[in-house]
Asks: 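One structure, pasted below without further comment.
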Amino acid sequence: MTEAVFYVFAACAVATASMCVLSRSAMSAVLWLTATMLSLAALYVLLGAEFVAAIQVLVYAGAVMVLFLFVVMLLNLGHPTTDMRGPAAMAATVVIAGLLAIQLFALWSYSPDRLAAEIAQAPEFSDPASLFAAGQATRDDAVARGVVGAVAAPLFEVYLVPFEITSILLLTAIVGAVVLAKRKI
Amino acid sequence: MTDGMALLGPALGLSAILFSLGVAGVLLRRNVIVLFVCIELMLNAVNLTFVALAQLHGASGQVMVFFVMTVAAAEAAVGLAIILAIFRHKQSVDLQNINLLRG
């Protein structure tokens, strides 16, 4: 059952992402990407990351995409004309993106067992003690403390310094956006 | 092992497809806004990888997704402000018309 739902939303994500790349107007590209993000949120729920799914809908599909829509409407681009590159660039795109897709698509055959075997063969790449015991611990944690608590614990303990640095990044982004968008400083 | 675990491979494959679509969009389109949208698509594909592997490696992967989202939001805000400034200057968002650095 879970697999069937997964493949439905995966097909949705691929279809909407293709429409996003191929659609003529910037407006419909943004709206198609919003649909992709909502399908991805559904996939996150299936993969056991309920809190990330909620944030994906609220922050990504809600806030970031609204920012894009505001800019598209503000620019008032008029009737969309095609903005695809020429045939040479199109051929290069097919070759580059196709090769990339073929290489990365080998990941499809990965299973937890195969991953564990590969990590066990090359222990220098990973802490062997973390051979997937952490995932089980997280699930127990989620049962004990709730979905949000399981994510919040590492965020505010292990990753506290990066979390605080993030605030500086956001402040810089706010100041930068205001300075860039202002007509006269 | 939950049923989500069996989906590790398909989830990684799906993120590969989405990432390649994003790359194709960046190479194919000339509209700066659509270019930006494709970059967001690539970031989302990477997020899917993080979430898929977080099933095995613990909640650290999900924490990384939050950092990626933060960086993406900051990047979108600054990038769209730059696009606005360029549009005010050039009256166009087509990369063909934005070639000041070409000499």
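To find a chain, count down the sequence lines: A is the first, B the second, and so on, and within it residues start at 1.
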Asks: Which is it for B:Asn47 and A:Leu40 under the side-chain contact (heavy atoms from CB on, under 4.5 Å) test, yes or no, and what are the steps along the way?
Replies: CA-CA 9 Å; B:Asn47 277 351; A:Leu40 279 177; over 6 Å; no
Asks: Given the options A:Ala152, A:Ala150, A:Ala49, A:Cys20, which has more heavy-atom pairs under 4.5 Å with chain B than any of the others?
Replies: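 Going by pairs under 4.5 Å, I would pick A:Ala49.
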Asks: Taking all heavy atoms of A:Leu22 and all of B:Arg29, pick out the closest pair and write down the distance.
Replies: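 Heavy atoms only, the tightest pair is C-NH1, 3.9 Å.
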Asks: Kindly work out whether a path of hydrophobic side-chain contacts (I/L/V/M/F/W/Y, heavy atoms less than 4.5 Å apart) joins A:Met73 to A:Val30.
Replies: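 Shared cluster, yes.
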Asks: Using non-hydrogen atoms and a 4.5 Å limit, figure out which bit of B:Val34 sits close to chain A: side chain, backbone, both or neither.
Replies: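 Interface part for B:Val34: side chain.
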Asks: If I measure from the heavy atoms of chain A, does B:Phe66 come under 4.5 Å with its side chain, its backbone, both, or neither?
Replies: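 The side chain, not the backbone.
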Asks: Need one label for A:Leu67: side chain, backbone, both or neither, based on atoms under 4.5 Å from any heavy atom in chain B.
Replies: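 Both backbone and side chain.
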Asks: Under a 4.5 Å heavy-atom cut-off, does chain A meet the side chain of B:Leu41, its backbone, both or neither?
Replies: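 Both the backbone and the side chain of B:Leu41 come within 4.5 Å of chain A.
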Asks: Taking B:Thr70, B:Val26, B:Leu53 one by one, which has the highest count of heavy-atom pairs under 4.5 Å against chain A?
Replies: B:Thr70
Asks: Please state whether the side chain, the backbone, both or neither of A:Leu33 comes within less than 4.5 Å of a heavy atom of chain B.
Replies: side chain
Asks: Write down the atom of A:Trp108, the atom of B:Gly13, and the distance for their closest heavy-atom approach.
Replies: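 Taking every non-hydrogen atom into account, CE3-CA, 3.7 Å.
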Asks: Knowing that exactly one of B:Ile82, B:Leu80, B:Ile86 qualifies, which makes a side-chain contact (heavy atoms from CB on, under 4.5 Å) with A:Leu180?
Replies: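 Looking at B:Ile82, B:Leu80, B:Ile86, the match for A:Leu180 under the side-chain contact (heavy atoms from CB on, under 4.5 Å) is B:Ile82.
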Asks: Is it the side chain or the backbone of A:Leu155 that comes within 4.5 Å of chain B heavy atoms, both, or neither?
Replies: both
Asks: Would you kindly confirm whether B:Ile98 and A:Leu74 end up in one hydrophobic cluster when ILVMFWY residues are joined by side chain heavy atoms under 4.5 Å apart?
Replies: yes
Asks: Under 4.5 Å from any heavy atom of chain B, what part of A:Phe6 do you find: side chain, backbone, both or neither?
Replies: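 Side chain only.
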Asks: With a 4.5 Å cut-off on heavy-atom pairs, point out which of A:Val72, A:Leu104, A:Thr93 contacts chain B the most.
Replies: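 Ranked by heavy-atom pairs under 4.5 Å with chain B, first place is A:Thr93.
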Asks: Heavy-atom pairs under 4.5 Å with chain B - which of A:Leu75, A:Thr172, A:Val94 has more of them than the others?
Replies: A:Leu75
Asks: Chain B heavy atoms under 4.5 Å from A:Ile96: which part of the residue, side chain, backbone, both or neither?
Replies: side chain
Asks: Using 0.5 Å steps for rounding, measure from the CD1 atom of A:Ile55 to the CD atom of B:Gln62.
Replies: 11.5 Å
Asks: Going only through I, L, V, M, F, W and Y residues with side-chain contacts under 4.5 Å, is there a path from A:Val148 to A:Val59?
Replies: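 The answer is yes; both residues are in one hydrophobic cluster.
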Asks: Measure A:Ser18 against the heavy atoms of chain B and call it side chain, backbone, both or neither at under 4.5 Å.
Replies: both
Asks: Go through the atoms of B:Leu18 and report whether side chain, backbone, both or neither lie under 4.5 Å from a heavy atom of chain A.
Replies: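 Only the side chain of B:Leu18 comes within 4.5 Å of chain A.
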Asks: Side chain, backbone, both or neither: which part of A:Ala17 has an atom under 4.5 Å from a heavy atom of chain B?
Replies: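 Both backbone and side chain of A:Ala17 come within 4.5 Å of chain B.
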Asks: Could you tell me whether a side-chain N or O of A:Arg85 sits under 3.5 Å from a main-chain N or O of B:Arg30, the two making a donor and an acceptor?
Replies: no
Asks: Quick check: closest heavy atoms across A:Ala173 and B:Ala74, and the distance to 0.1 Å?
Replies: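 So the minimum-distance heavy-atom pair works out to CB-CB, 3.6 Å.
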Asks: Go through the atoms of A:Gln56 and report whether side chain, backbone, both or neither lie under 4.5 Å from a heavy atom of chain B.
Replies: both
Asks: Can you tell which of A:Pro162, A:Ala63, A:Gly176, A:Ser109 has the highest number of heavy-atom pairs within less than 4.5 Å of chain B?
Replies: A:Pro162
Asks: Might you point out which heavy atoms bring B:Gly25 and A:Val21 nearest each other, and give the distance in Å?
Replies: CA-CG1, 3.6 Å
Asks: Sort out for me which of B:Leu14, B:Val78, B:Val51, B:Asn44 touches chain A most, counting heavy-atom pairs under 4.5 Å.
Replies: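 Among B:Leu14, B:Val78, B:Val51, B:Asn44, the one with the most close pairs to chain A is B:Asn44.
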Asks: Counting only heavy atoms closer than 4.5 Å, note whether B:Val65 contacts chain A via side chain, backbone, both or neither.
Replies: side chain
Asks: In terms of hydrophobic clusters joined by side-chain contacts under 4.5 Å, are A:Leu31 and A:Val66 together?
Replies: no
Asks: Measure the spacing between CG of A:Leu99 and OG of B:Ser20 and express it to the nearest 0.5 Å.
Replies: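 With rounding to 0.5 Å, CG (A:Leu99) is 10.0 Å from OG (B:Ser20).
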Asks: Show your reasoning for whether side-chain contact (heavy atoms from CB on, under 4.5 Å) applies to A:Leu47 and B:Leu48.
Replies: CA-CA 9 Å; A:Leu47 293 171; B:Leu48 181 59; 3.9 Å; yes
Asks: With clusters defined by side-chain heavy atoms of hydrophobic residues (ILVMFWY) lying less than 4.5 Å apart, directly or transitively, does B:Leu7 cluster with B:Val46?
Replies: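 They do share one cluster, since a chain of ILVMFWY contacts under 4.5 Å joins B:Val46 to B:Leu7.
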Asks: Please classify the contact between A:Val64 and chain B as side chain, backbone, both or neither, with a heavy-atom cut-off of under 4.5 Å.
Replies: side chain
Asks: Under a 4.5 Å heavy-atom cutoff, which of B:Ala76, B:Gly61, B:Cys38 has the most pairs with chain A?
Replies: B:Ala76
Asks: Find the one option among B:Thr49, B:Ile33, B:Val23, B:Ile83 whose heavy-atom pairs under 4.5 Å with chain A are most numerous.
Replies: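 Maximum pair count with chain A is reached by B:Ile33.
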Asks: Taking every heavy-atom pair that is under 4.5 Å apart, which of B:Leu84, B:Leu95, B:Asn31 has the most such pairs with chain A?
Replies: B:Asn31
Asks: Under a 4.5 Å heavy-atom cutoff, which of B:Ala11, B:Ala85, B:Ala52 has the most pairs with chain A?
Replies: B:Ala11
Asks: With distance as the sole criterion, is a donor-acceptor pair present between the side chains of B:Glu40 and A:Tyr60 under 3.5 Å?
Replies: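 Yes, a side-chain donor-acceptor pair sits under 3.5 Å.
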Asks: Quick check on A:Phe70: does its CZ atom have over 12 non-hydrogen neighbours (other residues, nucleotides or ligands) under 6.0 Å away?
Replies: no
Asks: Which region of A:Ile174, side chain (C-beta onward) or backbone (N, CA, C, O), has a non-hydrogen atom less than 4.5 Å from a non-hydrogen atom of chain B, or is it both or neither?
Replies: neither
Asks: Go through the steps to decide whether B:Ser60 and A:Val158 satisfy the test side-chain contact (heavy atoms from CB on, under 4.5 Å), and finish with yes or no.
Replies: CA-CA 9 Å; B:Ser60 300; A:Val158 185; over 6 Å; no
